[in-house]
There are 2 protein chains.
Amino acid sequence: MQNYSAAADPAPDPRVEMLVNDLIGRVADKWTLLVLEELEEHGTCRFTRLAQLVPGISQKMLTQTLRAMERDGLVRRTVYPVVPPKVEYALTDLGHSLGEAFCGVWHWAEAHLAAVEAARSAFDAGT
Amino acid sequence: MQNYSAAADPAPDPRVEMLVNDLIGRVADKWTLLVLEELEEHGTCRFTRLAQLVPGISQKMLTQTLRAMERDGLVRRTVYPVVPPKVEYALTDLGHSLGEAFCGVWHWAEAHLAAVEAARSAFDAGT
DNA sequence: TGCCAATACTCTCCAATGGAAAGTAGGCAC
DNA sequence: GTGCCTACTTTCCATTGGAGAGTATTGGCA
């Protein structure tokens, strides 16, 4: 386990490490994760549907998050030149692969929900 | 909300889904992830060492992140009543399990770094 | 003719968050 | 006493995020 860190990694390239940290910092965003989840679950979606699907997101953040994800190659944005406007968002292969990588985190959240809540109660009571 | 009837959905309970989303929202934080990584990699650390290890974190955010992680049962905080003060942070079993869950994400970041950068260049050039 | 509905943003205002740096506590060598 | 060490804590200010109104487009309706 943990072969991302490494006893067997004598000369970790600092540039790569920095870039990976940077990428993590951008991808590990609440809204990115939630949008990714909904797109995984529901497939291709339009803007307003996503806004309804992601709990509590504002239009501004949805636009911003989708733009960033598009720029990073995670989602594909398809505009239909009709009136009223129609824009569809879908995960790219890269987006799907990230969704699969995050799969473990969702499972963890489901599995350890009770443990986290217990820890919180204990902490709040103890201090 | 929607009819979650047809799909072979593993978690049709809306309460659980909401709690999981909430938990994801809290755990999917840039600093939490970075601190988790360093703690996984270096094991037990003191405050200032962690501050040096995590690139770009401020003391305030480090304190805040560590407190939140402690509350969620991810790290264990050990205070030695000596002078000058000495406080050690270590991952709990729960923290380790989360680290393993995020392992896939780090692998993804390493593996798809080039793809993301290519997508970014293409996006920036195309617009 | 002129107004409205529908959609995907975009803008504005304001509150909350995050970073930089200085301050705090409290024994101990001097 | 004075300064030092460490782990915070506080203060100030720039940036971010949320709520809600505004914008652009054009077919349909009165």
Side-chain angles (χ1 to χ4, degrees), chain A residues 18 21-22 24-36 38-39 42-72 74-91 123 126-127, chain B residues 18 21-22 24-36 38-39 42-72 74-91 123 126-127:
Chain A
M18 191 187 67
N21 271 0
D22 185 57
I24 290 285
R26 223 170 293 188
V27 151
D29 169 66
K30 178 185 171 183
W31 296 130
T32 300
L33 213 49
L34 258 18
V35 167
L36 192 70
E38 297 303 333
L39 282 177
H42 298 274
T44 300
C45 281
R46 298 181 61 181
F47 185 86
T48 45
R49 177 143 170 71
L50 271 178
Q52 293 160 2
L53 248 28
V54 179
I57 197 169
S58 65
Q59 287 191 336
K60 190 169 77 170
M61 282 317 293
L62 182 54
T63 305
Q64 215 171 96
T65 303
L66 285 171
R67 283 278 190 287
M69 292 175 78
E70 188 194 358
R71 192 172 103 94
D72 287 347
L74 300 176
V75 305
R76 179 172 22 255
R77 181 168 178 271
T78 312
V79 181
Y80 297 90
V82 299
V83 167
K86 177 176 176 180
V87 182
E88 282 185 349
Y89 295 93
L91 287 185
F123 183 89
T127 313
Chain B
M18 192 187 67
N21 272 359
D22 185 56
I24 289 284
R26 225 170 291 188
V27 151
D29 168 66
K30 179 185 173 184
W31 296 131
T32 300
L33 212 49
L34 259 18
V35 167
L36 192 70
E38 298 303 334
L39 245 23
H42 298 275
T44 301
C45 281
R46 298 180 60 182
F47 185 86
T48 46
R49 175 143 171 72
L50 228 32
Q52 293 158 1
L53 248 28
V54 178
I57 197 170
S58 65
Q59 288 191 335
K60 190 170 79 170
M61 281 318 292
L62 183 53
T63 304
Q64 215 170 96
T65 304
L66 286 171
R67 283 278 190 289
M69 291 175 79
E70 189 194 358
R71 193 173 103 94
D72 287 347
L74 300 176
V75 304
R76 177 172 22 254
R77 182 169 177 270
T78 312
V79 181
Y80 298 90
V82 298
V83 166
K86 177 175 175 181
V87 182
E88 281 185 349
Y89 295 94
L91 286 184
F123 184 89
T127 312

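Each chain gets a letter, A, B and so on, in the order its sequence line appears, and its residues count up from 1. Only a predicted model underlies this, so the values are computations on that prediction, with no experimental measurement involved.
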S.K.: Working to the nearest 0.5 angstrom, can you tell me the gap between B/L62 CG and B/T48 OG1?
M.R.: 9.5 Å
S.K.: What is the separation between atom CE on A/M61 and atom C1' on C/dA8, rounded to the nearest whole Å?
M.R.: 17 Å
S.K.: OP1 or OP2 of C/dC9 sitting under 4.0 Å from any side-chain N/O of A/R46?
M.R.: no
S.K.: So, do A/T32 and A/R26 sit near enough that their side-chain heavy atoms are less than 4.5 Å apart?
M.R.: no
S.K.: Using the heavy-atom set of chain A and a strict 4.0 Å cut-off, write down the first and last nucleotide of DNA chain D that makes it in, 5' to 3'.
M.R.: D/dG17 to D/dT26
S.K.: State, to 0.1 Å, how close B/R77 and B/V79 come at their nearest heavy-atom pair, and which atoms those are.
M.R.: NH1-CG2, 3.7 Å
S.K.: With side-chain contact (heavy atoms from CB on, under 4.5 Å) as the test, pick out the partner of B/Y89 among B/V35, B/L66, B/T78.
M.R.: B/L66
S.K.: When the distance from CG of A/L66 to P of C/dT10 is rounded to whole Å, what number comes out?
M.R.: 12 Å
S.K.: Should A/F123 and B/D72 count as side-chain neighbours, where that means a heavy-atom distance under 4.5 Å?
M.R.: no
S.K.: What distance do A/R76 atom CZ and A/L39 atom CG have between them, rounded to the nearest 0.5 Å?
M.R.: 11.5 Å
S.K.: Taking any heavy-atom pair under 4.0 Å as a contact, classify A/Y80: base, sugar-phosphate, or nothing.
M.R.: nothing
S.K.: Of all heavy-atom pairs between B/Q59 and B/F47, which one has the smallest distance, and what is that distance?
M.R.: O-CZ, 4.0 Å
S.K.: Once rounded to the nearest 0.5 Å, what's the spacing between atom CG of A/L53 and atom CZ of A/R46?
M.R.: 14.0 Å
S.K.: Any side-chain heavy-atom pair from B/I57 and B/L34 closer than 4.5 angstrom?
M.R.: no
S.K.: Under 3.5 Å, side chain of B/D29 to main-chain N/O of B/W31, donor-acceptor pair present?
M.R.: yes
S.K.: Strictly below 4.0 Å: does A/R49 bring a side-chain N or O up to OP1 or OP2 of C/dT7?
M.R.: no
S.K.: Base, sugar-phosphate, or nothing for A/K60, non-hydrogen atoms under 4.0 angstrom?
M.R.: base
S.K.: Which parts of nucleotides 22-30 of chain C does protein reach within less than 4.0 Å, heavy atoms only, written one letter per nucleotide 5' to 3' as B for base, S for sugar-phosphate only and - for none?
M.R.: B---BB---
S.K.: Could you tell me the separation between the CG atom of A/L50 and the C1' atom of C/dT7, rounded to a whole number of Å?
M.R.: 14 Å
S.K.: Tell me: NZ of A/K86 to C1' of C/dC9, nearest whole Å?
M.R.: 17 Å
S.K.: Hey, could you give me the CG/NE2 distance between B/L50 and B/H42, rounded to the nearest 0.5 Å?
M.R.: 9.0 Å
S.K.: Over how many whole Å does the gap from A/E88 atom CD to C/dT7 atom P extend?
M.R.: 13 Å
S.K.: So what does B/T48 touch, heavy atoms closer than 4.0 Å: a base, only the sugar-phosphate, or nothing?
M.R.: sugar-phosphate
S.K.: Could you state the atom-to-atom distance from CH2 of B/W31 to P of C/dT17 in whole Å?
M.R.: 17 Å
S.K.: Just how far, in rounded Å, is P of C/dG19 from CG of B/L34?
M.R.: 11 Å
S.K.: Bend across the helix from C/dT1-D/dA30 to C/dC30-D/dG1, to 10°, with axes taken over 5 pairs at each end?
M.R.: 40°
